[in-house]
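Each remark here refers to the structure printed beneath this line.
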Number of protein chains: 4
Amino acid sequence: MFIHYDGPMPQRSPQHHEERRDHILAAALRVFSRDGFQAASMADIIAEAQVSAGSIYRYFPSKADLAAAAGKSVFLPASAPLRQIIESGEVVRPTEAMGRLFAGLIERATAGDTDYTALTVDAWAYAQRDEGLRTELAEVYNGIRNNLHILVTRWRDAGHLPADADTWGLTIALAAVMPGLLLQRQMLGTVDAPAALTAFAVHAGI
Amino acid sequence: MFIHYDGPMPQRSPQHHEERRDHILAAALRVFSRDGFQAASMADIIAEAQVSAGSIYRYFPSKADLAAAAGKSVFLPASAPLRQIIESGEVVRPTEAMGRLFAGLIERATAGDTDYTALTVDAWAYAQRDEGLRTELAEVYNGIRNNLHILVTRWRDAGHLPADADTWGLTIALAAVMPGLLLQRQMLGTVDAPAALTAFAVHAGI
Amino acid sequence: MFIHYDGPMPQRSPQHHEERRDHILAAALRVFSRDGFQAASMADIIAEAQVSAGSIYRYFPSKADLAAAAGKSVFLPASAPLRQIIESGEVVRPTEAMGRLFAGLIERATAGDTDYTALTVDAWAYAQRDEGLRTELAEVYNGIRNNLHILVTRWRDAGHLPADADTWGLTIALAAVMPGLLLQRQMLGTVDAPAALTAFAVHAGI
Amino acid sequence: MFIHYDGPMPQRSPQHHEERRDHILAAALRVFSRDGFQAASMADIIAEAQVSAGSIYRYFPSKADLAAAAGKSVFLPASAPLRQIIESGEVVRPTEAMGRLFAGLIERATAGDTDYTALTVDAWAYAQRDEGLRTELAEVYNGIRNNLHILVTRWRDAGHLPADADTWGLTIALAAVMPGLLLQRQMLGTVDAPAALTAFAVHAGI
DNA sequence: GATGAATGAGGTTTCATTCAT
DNA sequence: GATGAATGAAACCTCATTCAT
């Protein structure tokens with residue numbers, strides 16, 4: 001049994017542990033996205049990760065933990081594009097920012113052999129009965145909303161919206177559009193993101 | 001030479017069959033909404049329906065069929081409020097119509113012992129790997145969009161929108177908001193529907 | 001529900017009962033020969049016979065009874081050809097008689113939609129654990145042996161065998177050949193009956 | 001950079017696997033011979049083997065596989081006595097060889113707690129609807145016939161049969177006798193093997 | 001730390017039979 | 001007599017998890 005490792009050479013470093021964990025989680029994500037959280041069996045994941053049954057339980061104490069970790073890793077990176085824009089100080093039309101966020105999601109979804117879009121929808125269902133994952137998800141979505149609100153405010157302050165515009169209302173409406181677009185992609189195969197966002201931009205002014 | 005048997009023929013009304021089927025399906029919906037499609041076991045449903053194990057299979061040949069029927073019955077009634085408005089000829093602000101639709105969903109969700117909102121999110125996940133249910137869902141959502149477009153057009157024709165307004169873009173944007181609001185309710189417990197729809201109404205004019 | 005009946009016209013004659021029973025048994029034979037005694041389900045037989053579930057139990061109290069009746073009806077007609085020869089007084093070479101018997105079996109096997117050869121092998125297995133069927137089978141095979149012995153004796157008396165020939169030994173040897181030939185047909189698809197019987201005839205003189 | 005794990009590696013001998021498999025198969029043979037292939041339940045076999053339900057499926061993926069393996073192990077050793085005689089170079093009267101073969105079958109049948117004779121008849125029935133087992137059986141029976149033909153030829157060459165004797169015909173006739181004798185034992189309880197084979201020997205000269 | 005064979009509760013489904021109509 | 005919906009025990013098989021090596 002050989003394991004690839006390219007850091008320094010401690011016999012059993014925490015780094016080694018984390019690498020192994022990531023390796024297993026990546027395999028789990030592939031299997032989960034292919035078969036769904038519940039249909040995926042530990043045996044499938046074990047085979048995909050090329051790890052022994054006993055070993056996997058050293059890194060994830062149960063299938064539920066593995067699923068939770070998978071859900072977490074699905075949501076976490078979602079808000080990166082917005083943070084990036086905020087940190088750059090760029091003044092961007094909020095719909096444009098959301099367009100980039102959505103494009104990023106889709107790109108990540110189709111890049112490798114893990115379908116993150118499918119996983120996201122699965123995670124929604126799973127989170128309904130898993131408080132930990134639900135909290136995780138809530139935080140991520142609140143983060144997105146807060147970031148989006150910053151952009152909306154900035155857009156108003158740049159003079160593109162009236163001074164008394166309902167920035168929170170606009171933020172909420174815009175943020176609420178994302179799951180719908182994502183779901184549309186999964187169910188219908190088509191994506192109307194540009195049309196929806198353009199209409200937003202033209203009529204609501206954001 | 002033929003003999004016709006005309007002794008007492010057992011009366012088996014087709015109505016009875018449908019009643020029994022509905023009874024089982026209702027029980028399944030309760031269990032599915034409580035535990036999720038896959039975590040729910042046939043034994044749970046059998047217990048909830050107070051039916052024998054063998055009996056349930058006369059009405060639904062497999063658990064998958066039961067799940068499909070459950071999914072179907074979740075989606076089907078969703079679009080009723082819009083159809084009602086259209087048929088009444090009423091000229092309603094589209095955001096107002098969507099507000100009613102959402103309110104209807106929430107009301108139905110919390111009325112009995114079947115949480116239809118949870119079931120809807122589960123069905124999204126399930127549909128990703130079940131073509132039949134996916135088709136069903138696609139039809140229902142297309143129906144909603146088409147109905148909504150009728151209302152948007154009517155709203156424009158009533159002079160509330162410029163003649164060259166992008167009715168389809170507005171429709172898509174507005175329709176895409178629903179899953180997000182529904183999801184928000186399930187994940188965060190809060191509902192920003194009024195805020196979101198009001199913002200829409202004020203800024204986009206619909 | 002129409003039942004064909006062409007005797008006189010009593011409302012519920014014993015004859016009607018027997019006809020119905022035969023109809024069911026014939027259906028059972030078709031299903032049993034197609035799927036095997038145990039793999040065949042009562043539902044299959046019910047469907048094949050176009051009879052109601054309740055009705056079939058009026059004629060055969062259990063599946064075992066139906067199987068026993070089926071086995072019985074498989075063995076019974078087997079010995080007819082030998083009896084016919086004996087009654088005709090014809091002096092026939094015993095191997096020739098066995099050839100006719102075997103030909104009769106094969107012909108019956110392939111005539112209709114009931115494969116009696118397959119049923120026979122199934123019945124052997126079934127009879128191992130069903131005393132009634134085993135007794136039935138024993139009687140039929142003893143009958144065949146006794147009849148065959150008559151033919152062998154007659155053949156010796158006609159001067160074709162030495163006066164001190166072991167007629168019982170020859171009978172037993174010849175009778176024992178039948179199951180082997182039948183089995184060969186079922187397993188290998190080929191039939192060496194002529195070769196085997198000719199060799200018998202040439203070398204053993206019968 | 002690769003790290004080789006060289007801690008204690010669990011010893012899993014392939015021998016252990018085969019032993020366990022044989023243990024399970026032996027238990028299955030006992031149960032199958034007692035109750036028949038289909039009436040025997042996996043639960044029965046599991047109990048007889050004193051193995052867990054899950055474990056048995058590691059060695060035999062399905063009941064059908066277990067039945068096939070059982071059938072195989074029933075037929076395979078059947079032809080050993082003939083091969084032994086051939087290899088010893090001994091010139092034996094073919095009927096004598098068949099007598100030994102039959103005696104061997106009966107002895108094996110009654111030695112332990114597995115009735116191989118019953119299993120053989122069950123396997124015939126089973127093989128009618130299982131191509132794999134049918135092929136297996138065909139090969140074994142062809143092997144027996146070929147070996148028997150060698151003995152018949154050898155017997156002729158030793159001057160005990162005329163030079164132009166139909167060796168194949170005699171072989172086929174003699175081989176066809178075995179199933180009949182076996183069946184007779186199972187159905188009637190008696191065995192006429194000596195009588196039948198002696199008659200063969202005296203009259204047909206083999 | 002790592003392995004994978006073993007576990008056994010629990011999953012879905014079938015099927016011979018009964019009985020109210 | 002006839003019907004077929006209902007029954008429920010029992011069938012085969014899976015799978016998350018453990019533990020001796």
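Proteins come first, then strands; the chains are lettered A, B, ... in the order of their sequence lines, and each starts at number 1.
At a threshold of 4.5 Å between non-hydrogen side-chain atoms, the residues D:V74 and D:D122 do not count as touching.
Across the interface with DNA chain E, nearest-nucleotide mapping of D:V51 and C:I46 shows D:V51 to be the residue nearer the 5′ end. Along DNA chain F, the nucleotide nearest to A:G54 and the one nearest to A:A39 differ in position, and the one closer to the 5' end is contacted by A:A39. Across the interface with DNA chain E, nearest-nucleotide mapping of B:A40 and D:Q50 shows D:Q50 to be the residue nearer the 5′ end.
By the 30° and 60° cut-offs, the orientation of the rings of A:W124 relative to B:W124 is perpendicular.
The side chain of D:Y59 approaches E:dA5 more closely than any other nucleotide in the set E:dA5, E:dT17, E:dA2. When distances run from any side-chain atom of C:S62 to the nucleotides E:dT17, F:dT3, F:dA16, the shortest one goes to E:dT17. For C:A53, taking side-chain heavy atoms from C-beta onward, the closest of the listed nucleotides E:dT3, F:dA9, E:dT18 is E:dT18. For D:S41, whose side chain is taken as the heavy atoms from C-beta onward, the closest listed nucleotide among E:dT7, F:dA11, F:dT17 is F:dA11. For A:M42, the side-chain atoms get nearest to F:dT17 when compared with the rest of E:dT12, F:dT17, F:dT3.
When rounded to the nearest whole Å, the span between CD1 of A:I56 and P of E:dT3 equals 11 Å. Look at NE2 on B:H16: it is 19 Å from P on F:dT3, rounded to the nearest Å. Atom pair A:Q38:CD and E:dG11:P shows a separation of 13 Å (rounding to whole Å applied). Between the P atom of F:dT14 and the CZ atom of D:R58 lies a distance of 13 Å, rounded to the nearest Å. Atoms CD1 (A:I45) and P (F:dC15) sit 12 Å apart, rounded to a whole Å. Rounded to whole Å, the distance from CZ on B:R21 to P on F:dA6 is 14 Å. Between B:H17 atom NE2 and F:dT3 atom C1' there is a gap of 15 Å when expressed in whole angstrom units. D:K63 places its NZ atom 5 Å from the P atom of F:dC12, with the value rounded to the nearest Å.
Of the nucleotides present, E:dA6 is the one that pairs with F:dT17 by Watson-Crick or G-U wobble criteria, both distances under 3.5 Å.
For A:R20, no side-chain nitrogen or oxygen approaches OP1 or OP2 of E:dG1 to under 4.0 Å. At E:dT7, one or more side-chain N or O atoms of D:S55 fall inside 4.0 Å of OP1 or OP2 (strictly under the cut-off).
Looking at A:R34 and A:T114, their side chains never bring a donor and an acceptor atom within 3.5 Å of each other.
For the pair A:D65 and A:K72, the salt-bridge criterion is not met [side-chain N within less than 4.0 Å of a carboxylate O].
Listed by chain and residue number, B:F32, B:Y126 satisfy the ring-ring contact (aromatic ring centres under 6.0 Å, His included) test with B:F37 (two or more places apart in sequence, or in another chain).
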